[in-house]
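This report concerns only the one structure given below.
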Amino acid sequence: MTTSTLQPAINVLPSKKTPIILSVIAVIVFFSFGLLGNDQSAHFTLDSAGDAFTLPELVFPGRITNIVFGVLLLALAAYSWMQRKQGKMLATWMVAVAAVLFVLGFLIWVVSGANINSISLASLLAGGVVLAVPLVFGSLSGVLCERAGVVNIAIEGQLLGGAFTAALVASLTKNAFAGLIAAGLAGALVSLVLAIFSIKYLVNQIIVGVVLNVLVSGITGFLFTTVMQEDPERFNSPAHLPVIDIPLLSSIPVIGPILFKQSVVGYLMYIAVFLVWFGLFKTKWGLRVRAVGEHPKAADTLGIKVNAIRFWNVTLGGIVAGIGGSFFTLVAIDSFTKEISGGRGFIALAAVIFGRWNPIGAFLAALLFGFADNLQVILTIIGTPVPSQFMAMMPYLVTIFAVAGLVGRSRGPAAAGEPYVKE
């Protein structure tokens, strides 16, 4: 009988993060939103102007509804502690239910205490999807790069470079589609620098990415001041991409404006998510990419050109991020400004982690962050009991909590960040 046989089995309990977070939000909803909340009702509409038919308005009594939500969340929190004690993790769908209850409770608390008749959930969701467009493209760029073993910290620089180039080219040519193509090429140029230094010259990928972000920020800021501001009519008045409204389908309440009333970049977003997912998990190319990201040496022994695939994926990721950057100047606003990307490249990087390096997961995570961004804008406009400074922090707080809650259970590609030298 061996010594190991005599030793008792060590029961490793899951992390306390999920039970603690659930307990905290349960207490907040039950006491702050419920017992201390407003007695007035919160009204929500599900349709918008131009919809084919009208859906009934949703009415929630403020205090009572949040007390009920709080009790449900307290029960979920207690169940999560029991599951942990048994060495089990809480099911993902239960965590999603808790998140939905917390968001709804927060909305009911805010709307019942504001001086408005109702708030449109359809507009809130549609606006969140629109704001998530550059985040989705940025996160897809991160997935493409990291699945091949290259950490792409330069997403912010790629978005910013795409936004600047799109504005400049679309202004000079008076053609928004030319600006869109130029944005992709600009993102590819930034990613090509990342690939050369990190793959060919083996420079630390994190350092190269940070330097590229600073470099692109400096170059675009300098050219904005010295070129664009000198003659904004010629260099910074880009043509805009049209919003394509699909008849009948765009009039469906809630989902119509989200799926069938988008700009060209918005429709490209849905196509890109599907193509990246299909390419990575349903094709021979995707199998090779994932092999390179997990075990490059084994892939090399099978005849796969590891660094060539990494070069291709990093460049492709740059094109995707550059197209996402064009959203800022060809769709969202009518000109380029300094730091127009506003740190969204780093939120996109968080979406990669939160989405577990899966295109669909990254897409959903980016939608969550876009929803939080739109929520703080709308709630600041209607007036809330929460200080405006806190509301402005909401997208970044959601990013931090989301990554902090799952990063311990998320495992990225094993070889991500590690250069490969053929023996």
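Computed over heavy atoms, backbone and side chain alike; hydrogens, waters and symmetry mates excluded.
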message = Run Asn152 and Ile155 through side chain to side chain contact (heavy atoms under 4.5 Å, CB included) and show every step you take.
response = CA-CA 6 Å; Asn152 186 6; Ile155 298 174; 3.6 Å; yes
ask   = Given the rule in the side chain to side chain contact (heavy atoms under 4.5 Å, CB included) test, do Leu268 and Val264 qualify, once you have shown the distances and angles that lead to the verdict?
value = CA-CA 6 Å; Leu268 285 176; Val264 174; 4.1 Å; yes
Test log, rule side chain to side chain contact (heavy atoms under 4.5 Å, CB included), inputs Lys261 and Val243 = CA-CA 7 Å; Lys261 192 176 182 180; Val243 173; 4.1 Å; yes
task = Using the side chain to side chain contact (heavy atoms under 4.5 Å, CB included) rule, take Met228 and Phe164 through it: C-alpha gap first, then chi angles, then the decisive distance, then the call.
result = CA-CA 10 Å; Met228 286 184 165; Phe164 173 83; 3.5 Å; yes
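The backbone N or O of Leu144 lies less than 3.5 Å from a partner atom in the side chain of Asn313, making a donor-acceptor pair. Asn66 contributes a side-chain N or O that, together with a main-chain N or O of Gly105, makes up a donor-acceptor pair within less than 3.5 Å. The backbone N or O of Ile304 sits nowhere less than 3.5 Å from a side-chain atom of Arg288 that would complete a donor-acceptor pair. Looking at Gln158, its side chain never comes within 3.5 Å of a backbone N or O of Gly318 through a donor-acceptor pair. For Ser191 (side chain) and Ala188 (main-chain N/O), a donor-acceptor pair under 3.5 Å exists by modelled atom type. A donor-acceptor contact shorter than 3.5 Å is absent between the side chain of Thr165 and the backbone of Gly162. For Ser123 (side chain) and Ser120 (main-chain N/O), no donor-acceptor pair under 3.5 Å exists by modelled atom type. In this structure, the side chain of Ser80 engages the main chain of Ala77 through a donor-acceptor pair within 3.5 Å. His43 places no side-chain N or O within donor-acceptor distance of the main-chain N or O of Val111, the cut-off being under 3.5 Å. Put simply, the side chain of Ser141 gets close to the backbone of Gly317: a donor and an acceptor are under 3.5 Å apart.
Under the 4.5 Å side-chain criterion, counting only non-hydrogen atoms from C-beta, Phe354 is in contact with Phe369. Two residues are said to be in side-chain contact when any heavy atoms from C-beta on lie closer than 4.5 Å; Leu160 and Phe336 meet this criterion. Residues Val352 and Leu140 form no side-chain contact, since every pair of their non-hydrogen atoms from C-beta on lies 4.5 Å or further apart. Side chains of Phe260 and Leu248 form no contact here, defined as non-hydrogen atoms less than 4.5 Å apart. In this structure, the side chains of Leu107 and Leu375 come closer than 4.5 Å at one or more pairs of heavy atoms. Counting heavy atoms from C-beta on, the side chains of Val265 and Ser326 come closer than 4.5 Å. Side-chain contact between Phe281 and Asn358 is present, with heavy atoms from C-beta onward closer than 4.5 Å. In this structure, the side chains of Leu287 and Val289 stay at 4.5 Å or more apart for every pair of heavy atoms.
Taking every heavy atom of both residues into account, Val314 and Leu194 meet most closely at CG1-CD2, 4.0 Å. Heavy atoms only, all atoms of each residue included: Ala98 and Leu76 are closest at CB-CD1, 4.0 Å. Val292 and Ala148 make their closest contact through CG1-O, 3.3 Å (heavy atoms, listed as atom of the first residue, atom of the second, distance). Of all heavy-atom pairs between Leu180 and Leu330, the closest is N-CD1, 3.6 Å. In terms of heavy atoms, Arg344 sits closest to Leu135 at O-CD2, 3.4 Å. Closest of all the heavy-atom pairs between Trp357 and Glu146 is NE1-OE1, 2.7 Å.
Between Trp277 and Phe274, the ring planes are tilted. Angles from 30° to 60° get that label. Ring-plane geometry between Phe44 and Phe60 is classed as perpendicular, the angle between the planes exceeding 60 degrees on a 0 to 90 degree scale with a lower cut at 30.
Once rounded to the nearest 0.5 Å, the distance linking OG1 of Thr45 with CG of Leu121 reads 7.0 Å. Thr283 OG1 to Leu275 CG: the interatomic distance, rounded to the nearest 0.5 Å, is 10.5 Å. Going from atom CD1 of Ile309 over to atom CD1 of Ile199 covers 11.0 Å, rounded to the nearest 0.5 Å. Rounded to the nearest 0.5 angstrom, Leu192 CG and Phe311 CZ are separated by 7.0 Å. Arg234 contributes atom CZ, which lies 11.0 Å from atom OG of Ser171 (distance to the nearest 0.5 angstrom). The CD atom of Glu233 lies 7.5 Å from the CG atom of Asp231; values are rounded to the nearest 0.5 Å.
For Phe222, the CZ atom is loosely surrounded, since the number of other residues' heavy atoms within 6.0 Å does not exceed 12. Enclosure of atom OH in Tyr270 by more than 12 non-hydrogen atoms of other residues, nucleotides or ligands within 6.0 angstrom is indicated. At most 12 heavy atoms of other shown residues, nucleotides or ligands fall within 6.0 angstrom of atom NZ in Lys200. Counting non-hydrogen atoms of neighbouring residues, nucleotides and ligands closer than 6.0 angstrom, the OH atom of Tyr420 exceeds 12 such neighbours.
Side-chain atoms of Ser23 and Trp81 include a donor-acceptor pair closer than 3.5 Å. No hydrogens or angles considered: nothing links the side chains of Asp334 and Ser237 as a donor-acceptor pair under 3.5 Å. When only modelled atom types and interatomic distance are considered, Ser341 and Glu156 share a side-chain donor-acceptor pair under 3.5 Å.
In this structure, Asp300 does not pair ionically with Lys305, as no charged nitrogen and carboxylate oxygen lie closer than 4.0 Å.
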